[in-house]
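Just dropping this structure here.
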Amino acid sequence: MKSAGFDSGSPAGAGAAVPVWRHRSTAAQRANWLCWLLGALLFYLGWQEISENTIWVFAADAPSAAWDMVSRMFPPRWHYVGQLWQPLVDTIHIATLGTLIGAVLAIPLAFLAARNTTPSRWLARPAALVVIVTSRSINSLIWAMLLVIMLGPGPLAGTIAIALRSVGFVGKLIYEAIEETDARQVEAIEATGASRLQVLGYGIVPQVMPAIVGTVVYRWDVNIRESTILGIVGAGGLGLPLAASVDTLAWPQVTLIFIAILVMVGVAEWGSNRIRSRLI
């Protein structure tokens with residue numbers, strides 16, 4: 001915001017006032033410096049806390065240790081690839097099924113949470129928002145840890161963990177898209193005497209369908225990445241052989257798993273872009 005001051009010493013005349021434009025007012029400048037000061041203070045306090053809990057002798061030796069580990073990772077153990085096919089398929093299944101289940105749960109929640117479609121702003125909307133926020137607040141790895149305890153290790157726990165995590169992400173983006181729909185189209189359909197379901201089906205759903213498709217496909221792409229680490233806690237997928245290889249210091253196997261993850265994520269990225277370009 002610009003503010004104007006006046007230069008009383010202008011040679012244009014005794015009573016002339018020449019406006020002097022400044023980028024910020026004095027109050028805004030002080031607030032800006034205060035924010036920088038608080039940021040610097042937080043950085044200093046955080047760095048001090050980290051320094052007190054860091055063994056710097058080990059940190060100084062990190063480059064040589066990293067180089068030693070990398071040197072042991074090559075060449076990759078190519079004959080191990082036969083044992084990665086099933087975990088690779090499990091990872092894709094976990095991500096795909098988890099995304100679909102999450103989307104099926106998230107879409108109704110989004111309509112309950114949106115201000116312009118919720119049946120009750122005092123009951124249904126707060127309840128839907130609580131579910132969405134809870135899902136977004138807990139990482140899929142934490143969901144997987146809890147589900148492995150309840151359901152036992154395996155892809156089922158990973159699938160449900162991905163679904164529970166996806167509900168919040170998909171639900172939030174879709175309900176925001178619903179609230180941003182063009183009200184004039186809705187009013188035009190309401191003027192014809194359409195019922196509430198008809199208004200939803202013909203006035204709102206067509207407007208948000210591209211957002212629904214794009215969000216679900218994007219979340220599937222993200223879930224492909226997240227599914228690769230769920231096996232670390234026993235929830236199936238490529239994380240299982242990855243954790244086993246790291247525990248046994250089988251670094252050539254770790255390299256091969258990294259290559260498999262990179263290829264899978266690259267194919268998923270390409271596929272999601274193709275799907276979104278065709279459907280949106």
Side-chain angles (χ1 to χ4, degrees), residues 81 83-110 130-177 211-247 253-276 279-280:
V81 71
Q83 302 182 44
L84 294 182
W85 288 116
Q86 189 58 49
L88 185 65
V89 172
D90 288 344
T91 299
I92 297 174
H93 287 169
I94 289 170
T96 304
L97 292 176
T99 303
L100 291 176
I101 295 172
V104 169
L105 297 174
I107 292 173
L109 279 173
V130 167
V131 175
I132 290 173
V133 171
T134 302
S135 171
R136 293 179 61 243
S137 301
I138 302 177
N139 190 271
S140 57
L141 193 61
I142 299 176
W143 282 121
M145 292 173 60
L146 299 175
L147 289 164
V148 165
I149 296 173
M150 292 184 287
L151 302 175
L156 177 61
T159 301
I160 299 177
I162 289 296
L164 292 176
R165 174 65 171 171
S166 300
V167 167
F169 181 91
V170 175
K172 177 178 172 56
L173 293 184
I174 292 178
Y175 95 71
E176 290 179 347
I212 292 175
V213 174
T215 301
V216 172
V217 173
Y218 176 71
R219 186 63 209 183
W220 173 76
D221 187 18
V222 173
N223 286 340
I224 288 287
R225 295 167 172 82
E226 292 197 357
S227 299
T228 59
I229 62 170
L230 297 185
I232 294 177
V233 296
L238 282 171
L240 282 173
L242 177 61
S245 299
V246 171
D247 290 341
Q253 294 178 188
V254 173
T255 304
L256 186 62
I257 295 171
F258 283 169
I259 293 173
I261 292 174
L262 180 63
V263 172
M264 181 181 63
V265 170
V267 172
E269 179 78 20
W270 174 81
S272 66
N273 289 336
R274 295 276 295 182
I275 293 172
R276 293 178 67 187
L279 296 181
I280 299 179

Check your understanding: Mind checking whether Val254 and Phe258 have side chains closer than 4.5 Å, heavy atoms only?
Key -> yes
Check your understanding: Among all residues two or more places apart in sequence or in another chain, which pass the side chain to side chain contact (heavy atoms under 4.5 Å, CB included) test with Val263?
Key -> Ile259, Val267
Study note, to complete from the structure: Taken to the nearest 0.5 Å, the spacing of Thr96 OG1 from Ile101 CD1 works out to 11.0 Å
Using distance only, find each side-chain donor-acceptor pair of residues 158-167 under 3.5 Å and give its atom names and separation, not counting sequence neighbours.
unit_1	atom_1	unit_2	atom_2	d
Thr159	OG1	Pro155	O	2.9
Arg165	NH1	Arg136	O	2.6
Arg165	NH1	Ile138	O	3.4
Ser166	OG	Ile162	O	2.7
Ser166	OG	Asn223	ND2	2.9

Exercise for review: Indicate the atoms forming the closest heavy-atom contact of Leu105 with Pro108, along with that distance.
Suggested key: O-CD, 3.6 Å
Study note, to complete from the structure: Residues passing the side-chain hydrogen bond (donor to acceptor under 3.5 Å, both in side chains) test with Gln86, sequence neighbours excluded, are Asp90
Review point. Would you call Leu173 and Arg219 a side-chain contact if the rule is heavy atoms closer than 4.5 Å?
Key: no
Review point. With sequence neighbours left out, which residue pairs that include part of residues 154-163 fulfil the salt bridge (charged side-chain N to carboxylate O under 4.0 Å, His left out) condition?
Key: none
Study note, to complete from the structure: Sorted by chain and number, sequence neighbours left out, side-chain hydrogen bond (donor to acceptor under 3.5 Å, both in side chains) with Ser140 holds for Glu226
Study note, to complete from the structure: Here the pair of heavy atoms bringing Ile224 nearest to Ile92 is CD1-CA, 4.3 Å
Check your understanding: Say you draw a straight line from CG of Asn139 to CE of Met145; how long is it, rounded to the nearest 0.5 Å?
Key -> 10.5 Å
**Study point:** Pairs where residues 139-166 contributes a residue and the test ring-ring contact (aromatic ring centres under 6.0 Å, His included) is met, not counting sequence neighbours
**Key:** none
Review point. Is a side-chain donor or acceptor of Ser135 paired with a backbone partner of Val131 at a separation under 3.5 angstrom?
Key: no
Review point. Mind checking what makes salt bridge (Lys or Arg N to Asp or Glu O under 4.0 Å) contact with Arg225, not counting sequence neighbours?
Key: Asp221, Glu269
Practice item. State, to 0.1 Å, how close Ala110 and Ile174 come at their nearest heavy-atom pair, and which atoms those are. Key: CB-CG2, 3.5 Å
Show the atom names and distances, to 0.1 Å, of all donor-acceptor pairs under 3.5 Å that link a side chain in residues 229-247 to residues at least two apart or in another chain.
unit_1	atom_1	unit_2	atom_2	d
Ser245	OG	Pro241	O	2.8
Ser245	OG	Gln253	NE2	3.0

Study note, to complete from the structure: ring-ring contact (aromatic ring centres under 6.0 Å, His included) pairs touching residues 145-172, sequence neighbours excluded, are Phe169-Tyr218
